[in-house]
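Down below is the structure, laid out as structure tokens.
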Amino acid sequence: MVGELSGRGRSARVLLVDADGRVLLQKAASGHWYTPGGRLDPHETLTQGAVREIREETGLELAEDAFSGVLLERYVCFTLADGRQYEADESYVAAHVAAFTPDESGLEPGEELLIAEQRWWSVAEIRVATVPVWPEQLADLVEQVLATAAR
């Protein structure tokens, strides 16, 4: 969600993992790649926010029970290109999905400025990336999701 970013908030970040073990990532205008997701509305649970953010950013409709338990929790703080500060407590969850082409028609006004591109990445591609990929341990997280699914 775009809008006012002052103050610390909670965010849902989602690893969408396909049958080939790839994860969908978004490219920021700054050039780094990251998982879909965003700030939770005040009344939302983590999974409710994940459902909403995935629908808005990719067009994919998922049920709340599609998501794993929390894989990673972390605090982030950085400055966006327009000078606004982003500060959040991020919780990462995963969902197994069929590969699809993202539909960005549900982006909120201004969000199209934040997402320059979306594409599927393999773990190998993440490990050799010459551009920043967030979170830094994403390849390990994807492998954890794949190992859990194989059990």
What one should report as the nearest heavy-atom pair of His43 and Gln48 is O-OE1, 3.8 Å
Is the closest side-chain heavy-atom distance between Phe67 and Val14 below 4.5 Å?
-> yes
Got Glu143 and Gln137 here, is their nearest side-chain heavy-atom distance under 4.5 Å?
-> no
Treating Ile, Leu, Val, Met, Phe, Trp and Tyr as nodes and any side-chain heavy-atom pair under 4.5 angstrom as an edge, say whether Leu16 and Leu138 lie in one connected cluster.
-> no
Is the NZ or CZ atom of Arg127 both under 6.0 Å from the centre of the six-membered ring of Trp121 and within 45° of that ring's axis?
-> no
Any chance you could lay out the side-chain contact (heavy atoms from CB on, under 4.5 Å) test for Trp134 and Arg13, step after step, and finish with the verdict?
-> CA-CA 10 Å; Trp134 292 346; Arg13 308 295 326 169; over 6 Å; no
After noting the C-alpha distance and the side-chain angles of His32 and Lys27, does the key distance pass the side-chain contact (heavy atoms from CB on, under 4.5 Å) rule?
-> CA-CA 6 Å; His32 72 273; Lys27 182 180 180 183; over 6 Å; no
Leu15 vs Val142 side-chain heavy atoms within contact, under 4.5 Å = yes
Let me see the working for Trp120 and Phe100 under ring pair (Phe, Tyr, Trp, His ring centres under 6.0 Å), right down to the final yes or no.
-> CA-CA 9 Å; Trp120 295 93; Phe100 66 98; 5.6 Å; yes
Can you list the steps and then say if Gln118 with Leu24 is a side-chain contact (heavy atoms from CB on, under 4.5 Å)?
-> CA-CA 7 Å; Gln118 296 192 66; Leu24 183 69; 3.7 Å; yes
Please round to the nearest 0.5 Å and tell me the distance separating atom CD1 of Ile115 and atom OH of Tyr34.
-> 4.5 Å
Pairwise distance CD(Glu56) to CG(Asp103) - rounded to 0.5 angstrom = 12.5 Å
So, the side chain of Glu53 versus the backbone of Ala50: is there a donor-acceptor pair under 3.5 Å, distance only?
-> no
Kindly determine whether Trp33 and Val131 satisfy side-chain contact (heavy atoms from CB on, under 4.5 Å), including the steps that lead there.
-> CA-CA 8 Å; Trp33 290 83; Val131 296; 3.5 Å; yes
Donor-acceptor contact below 3.5 Å, side chain Thr35 vs main chain Leu25 | no
Can you find a heavy atom in the side chain of Arg10 that is under 4.5 Å from one in the side chain of Ser91?
-> no
Between Asp20 and Arg22, is there a donor-acceptor pair closer than 3.5 Å when you use the side chain of the first and the backbone of the second?
-> no
Glu57 and Gln26 side chains, donor-acceptor separation under 3.5 Å | yes
Using a 4.5 Å cut-off on heavy atoms from C-beta on, say whether the side chain of Leu60 contacts that of Leu62.
-> yes
Qualifying residue, where the test is side-chain contact (heavy atoms from CB on, under 4.5 Å) with Val93 and the options are Val145, Leu46, Leu72, Leu71 = Leu46
Arg74/Asp89 salt bridge by N-O under 4.0 Å criterion = no
Exercise: identify the closest heavy-atom pair between Leu40 and Gly49 = CD2-CA, 3.5 Å
Pairwise distance CZ(Arg39) to OG(Ser11) - rounded to 0.5 angstrom | 5.5 Å
Side-chain heavy-atom pair Pro135, Tyr92 within 4.5 angstrom cut-off | yes
Of Glu44, Glu64, Glu61, which is the lone residue that meets salt bridge (Lys or Arg N to Asp or Glu O under 4.0 Å) with Arg52?
-> Glu44
State, yes or no, whether a side-chain contact exists between Asp140 and Val123 at a heavy-atom distance under 4.5 Å.
-> no
